[in-house]
Student: 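Handing you this structure, nothing more for now.
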Amino acid sequence: MSAPKKLFIKTYGCQMNVYDSERMAEALGGQGYETTDRADDADMILLNTCHIREKAAEKVYSELGRFRALKDEKPDLKIGVAGCVAQAEGAEIIKRQPMVDLVVGPQSYHRLPELEAKTQTGAKALDTDFPEEDKFEHLAARPKAKRGPTAFLTVQEGCDKFCAFCVVPYTRGAEVSRPAARVMGEARDLVERGVREITLLGQNVNAYHGHDGGLSGLIRELAGIDGLERIRFTTSHPNDMDDDLIAAHGEVDKLMPYLHLPVQSGSDKVLKAMNRKHTAAHYLRLIERIRAARPDLLLSGDFIVGFPGETEADFQDTLDLVEAVGYGQAYSFKYSARPGTPAAERETVSGDVADERLQRLQALLSKQQRAAQDAMVGREVDVLFEKAGRMDGQMVGKSDHLHAVFVTSDAVKRGDLARVRIVESASNSLSGEVVGPAR
Ligand code: SAH
Ligand code: SF4
Ligand code: F3S
């Protein structure tokens, strides 16, 4: 048998790309590839890319530039671009960087084995179709190797919402849900391989309709799997938070008290211009109902500042909404005009104004984030330990509320779920002492 070929994958963007990278590595496993964490060791380099903001997309070209020397040294090295930039730019990538051998979009990566074989003949391989066949049905079964305690599981892909700023409906295509039976099968498999926490993924995961009971129906069924201790899901759209999903937060113990629910802006005028199809009041009412179901829920959000037409008063509405909600975690971005989206045609807010607003918003959000974290000091929380920390004897894991928690203890190992008393809150993590097994 010939020595295995080496595959180096670099992943950008959202968690769905992290999941896709795993599946792509598995698909190429059948072609004799093993993964490596060193680009200079690889026979194939695959960049799994993100197109969401200009900076993310430009990174791909600078990264490709860095690989040129490797390719000069080793002409057999294959270089591939996958993900959302591949989908958005297609053949343009090979035009701009002729050393690229392969371009594959997020909905056609099940065809990687054929595409890789084509590159071995010296030809370029390009596939950015939205094929009729279901990608997941055409991927090889996942291998049975042991794995870490947490896993992502994509259950829904694509988006039909067409927010005026966003490329996702174009790069990922229409909303599609995987059948519940398939998801259950994959979840059981992951649990057999050592997984104790599953995060269900979708661009609009709460629009999932592969189960008769929707996403909450799927969550309730998943909760019946022995050995699966924790369930999370991301990302949700406010308009798809139905009554039963809200109720599930109070009823399903395994569903963790953390919800990422992007609102983007607190101004109704801006929300309308963004085509979000909800108002700030609608969002606030929704938060109230979810908190009534699960009072200790930690909320996370996404915000865009400097959207075309945003005035100082609109921005103030965003700050007011943030004050009213109180986020435990948040991601905020300066608006980036994306080719092909409706908002790209509109007049932009000056870069300096947007920068200044971003700073003000981030200052408020970090203050809230820190307050939510500090409030954990003195409390006992359950922590799922994921890996060793940098210091001797240190382990790090996540609490129910998704805070990183460090302990120094030989009583816990990777994959353990333990009760920890929090003693200190640092800038981005908590530390504590193990007090016993999880509740
Ligand atoms: N499907 C998810 C997330 C989409 S992308 C959702 O609907 O919330 C993640 C975040 O990137 C978005 O929530 C938004 O805040 C940000 N984003 C998307 N397009 C952007 C753009 N053109 N400029 C700046 N931020 C953007
Ligand atoms: Fe993009 Fe809006 Fe769809 Fe989210 S809901 S993926 S922001 S279009
Ligand atoms: Fe980026 Fe595509 Fe995800 S654009 S955020 S990698 S869906």
Side-chain angles (χ1 to χ4, degrees), residues 10-21 24 47-60 81-89 104-107 109 128 152 154 156-176 201-208 233-241 259-266 270-271 273-278 283 299-308 310 318 327 329-346 348-349 351 354-355 357-358 361-362 365:
K10 185 155 181 181
T11 308
Y12 303 84
C14 61
Q15 290 118 322
M16 303 198 58
N17 265 9
V18 175
Y19 177 84
D20 289 347
S21 289
M24 286 194 277
L47 299 183
N48 193 11
T49 62
C50 174
H51 202 244
I52 203 80
R53 285 168 289 274
E54 192 180 355
K55 262 196 203 139
E58 278 308 314
K59 251 190 226 155
V60 177
V81 178
C84 291
V85 175
Q87 190 61 46
E89 306 208 335
V104 63
Q107 299 311 347
Y109 68 71
T128 54
F152 292 135
T154 294
Q156 181 274 346
E157 280 204 67
C159 181
D160 296 337
K161 297 263 187 310
F162 291 93
C163 297
F165 49 81
C166 183
V167 293
V168 170
Y170 312 97
T171 62
R172 292 270 170 169
E175 237 170 69
V176 183
L201 298 181
Q203 263 91 22
N204 270 298
V205 73
N206 56 346
Y208 177 77
F233 61 91
T234 197
T235 295
S236 299
H237 192 286
N239 292 357
D240 293 316
M241 281 308 292
L259 179 65
H260 183 60
L261 195 63
V263 64
Q264 315 297 353
S265 168
V270 173
L271 287 169
M274 286 176 164
N275 193 32
R276 288 289 294 183
K277 299 197 169 78
H278 60 76
Y283 182 83
L299 265 164
S300 159
D302 287 346
F303 299 88
I304 295 177
V305 301
F307 187 76
E310 184 190 72
T318 299
Y327 287 90
Q329 178 65 262
Y331 306 87
S332 47
F333 312 98
K334 184 165 120 174
Y335 169 71
S336 167
R338 307 305 293 130
T341 60
E345 312 295 318
R346 303 180 196 160
T348 53
V349 168
D355 280 333
R357 286 181 191 161
L358 186 62
L361 177 61
Q362 288 184 339
L365 289 167

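Every number for a ligand or one of its atoms is a count from 1 in the order of the listing.
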Student: Should V168 be listed as contacting ligand 1, given a heavy-atom distance under 4.0 Å as the test?
Tutor: no
Student: List ligand 3 atoms under 4.0 Å from N17, heavy atoms only on the residue side.
Tutor: 6 (S)
Student: Taking only heavy atoms of K161, which atoms of ligand 2 are found under 4.0 Å from at least one of them?
Tutor: 3 (Fe), 5 (S)
Student: When you measure from atom 2 (Fe) of ligand 2 to the N, O or S atoms of C163, does any of those distances fall below 2.8 Å?
Tutor: yes
Student: Among protein heavy atoms, which lies nearest atom 24 (C) of ligand 1, and at what distance?
Tutor: K334 O, 3.4 Å
Student: List every atom of ligand 3 that sits less than 4.0 Å from any heavy atom of Q203, numbering the atoms from 1 in the order shown and giving each element.
Tutor: 7 (S)
Student: Any side-chain heavy atom of D160 sitting closer than 4.5 Å to one from P169?
Tutor: no
Student: Using a strict cut-off of 4.0 Å, indicate which atoms of ligand 3 neighbour a heavy atom of C84.
Tutor: 2 (Fe), 4 (S), 6 (S), 7 (S)
Student: Does N239 reach the main-chain N or O of K277 with its side chain, forming a donor-acceptor pair under 3.5 Å?
Tutor: yes
Student: Quick one, R276 and C163 - any side-chain contact, counting heavy atoms below 4.5 Å?
Tutor: yes
Student: Taking all atoms of both residues into account, what is the closest heavy-atom pair of K161 and D240, and its distance?
Tutor: NZ-OD2, 2.7 Å
Student: Determine yes or no for a side-chain-to-main-chain donor-acceptor pair under 3.5 angstrom, with Q203 supplying the side chain and V205 the backbone.
Tutor: no
Student: Within ligand 1, which atoms have a heavy atom of R338 less than 4.0 Å away?
Tutor: 22 (N)
Student: So does E58 have more than 12 non-hydrogen atoms from other groups sitting under 6.0 Å from CD?
Tutor: yes
Student: Do protein heavy atoms approach atom 14 (C) of ligand 1 to less than 4.0 Å?
Tutor: yes
Student: Quick one: does Q203 get an N or O within less than 3.5 Å of an N or O on ligand 1?
Tutor: yes
Student: May I ask whether M16 has any heavy atom positioned less than 4.0 angstrom from an atom of ligand 3?
Tutor: no
Student: Counting only heavy atoms closer than 4.0 Å, does ligand 1 sit against the backbone of P262, its side chain, both, or neither?
Tutor: side chain
Student: Considering only non-hydrogen protein atoms, determine which one is nearest to atom 5 (S) of ligand 1 and report residue, atom name and distance to 0.1 Å.
Tutor: I52 CD1, 3.5 Å
Student: Backbone, side chain, both or neither: what part of F165 comes under 4.0 angstrom of ligand 1, heavy atoms only?
Tutor: both
Student: How close does the nearest protein non-hydrogen atom get to atom 4 (S) of ligand 3, and which residue and atom is it?
Tutor: H51 N, 3.3 Å
Student: Under 4.0 Å from atom 4 (Fe) of ligand 2, can you find at least one protein heavy atom?
Tutor: no
Student: Which is closest to atom 21 (C) of ligand 1 in terms of heavy atoms, S336, A343, C14?
Tutor: S336
Student: Ligand 2 versus T235, non-hydrogen atoms closer than 4.0 Å: side chain, backbone, both, neither?
Tutor: neither
Student: Please find the pair of heavy atoms, one from Y335 and one from G306, that lie closest to each other, and give the distance.
Tutor: CB-O, 3.5 Å
Student: Is the gap between the ring centers of F162 and Y170 under 6.0 Å?
Tutor: yes
Student: Atoms of ligand 2 less than 4.0 Å from H237 heavy atoms?
Tutor: 5 (S)
Student: Which protein non-hydrogen atom lies closest to atom 3 (Fe) of ligand 3, naming both residue and atom, and how far is it?
Tutor: C14 SG, 2.3 Å
Student: Looking at every non-hydrogen atom in both residues, tell me the closest pair between R346 and A273 and how far apart they are.
Tutor: NH1-O, 2.9 Å
Student: Can you check whether N204 has an N/O within less than 3.5 Å of an N/O in ligand 1?
Tutor: no
Student: Please identify which atoms of ligand 2 are closer than 4.0 Å to at least one heavy atom of F162.
Tutor: 8 (S)
Student: For ligand 2, which atoms sit closer than 4.0 Å to a heavy atom of P169?
Tutor: 8 (S)
Student: Going by the order shown, which atoms of ligand 1 are within less than 4.0 Å of some heavy atom of Y335?
Tutor: 23 (N), 24 (C)
Student: Just so I know, are the side chains of V305 and T318 near enough to count as touching, which here means a heavy-atom distance under 4.5 Å?
Tutor: no
Student: State which residue, out of C14, C159, C84, fulfils the side-chain contact (heavy atoms from CB on, under 4.5 Å) condition with V168.
Tutor: C159
Student: Show which atoms of ligand 2 fall inside a sub-4.0 Å distance from at least one heavy-atom site of F165.
Tutor: 7 (S)
Student: Numbering the atoms of ligand 3 from 1, which are under 4.0 Å from a heavy atom of C50?
Tutor: 1 (Fe), 4 (S), 5 (S), 6 (S)
Student: Please list, in number order, the atoms of ligand 1 under 4.0 Å from a heavy atom of R53.
Tutor: 11 (O), 16 (C), 17 (N), 23 (N), 24 (C), 25 (N), 26 (C)
Student: Please report the closest heavy-atom contact between V81 and T49, naming both atoms and the distance.
Tutor: CG1-CG2, 3.8 Å
Student: If you define the side chain from C-beta out and look only at heavy atoms, does anything of F303 sit under 4.5 Å from V263?
Tutor: yes
Student: Is there at least one pair of N or O atoms, one from Q264 and one from ligand 1, spaced under 3.5 Å apart?
Tutor: yes
Student: Provide the closest heavy-atom pair for Q87 versus T128 in the form atom of the first, atom of the second, distance.
Tutor: NE2-O, 2.9 Å
Student: With a cut-off of 4.0 Å, which atoms of ligand 1 are near a heavy atom of T235?
Tutor: 2 (C), 6 (C), 8 (O)
Student: If you count the atoms of ligand 2 from 1 in the order shown, which ones are under 4.0 Å from a heavy atom of C166?
Tutor: 1 (Fe), 6 (S), 7 (S), 8 (S)
Student: Does H260 come within less than 4.0 angstrom of ligand 1, counting non-hydrogen atoms of the residue?
Tutor: no
Student: Are T341 and F165 packed together at the side-chain level, in the sense that at least one heavy-atom pair is separated by less than 4.5 angstrom?
Tutor: no
Student: Give yes or no for whether the N/O distance cutoff of 3.5 Å, strictly under, is met between C166 and ligand 1.
Tutor: no
Student: Apply side-chain hydrogen bond (donor to acceptor under 3.5 Å, both in side chains) to Q362 and S332, showing your working.
Tutor: CA-CA 7 Å; Q362 288 184 339; S332 47; 3.1 Å; yes
Student: Any non-hydrogen side-chain atom of H51 less than 4.5 Å from a side-chain atom of E89?
Tutor: yes
Student: Measure across E157 and R172 and return the closest heavy-atom pair with its distance rounded to 0.1 Å.
Tutor: OE1-NH1, 3.2 Å
Student: Would a 4.5 Å heavy-atom cut-off, applied to side chains only, mark C50 and T11 as touching?
Tutor: no
Student: Of the protein's non-hydrogen atoms, which lies at the shortest distance from atom 9 (C) of ligand 1, and what is that distance?
Tutor: D302 OD2, 3.7 Å
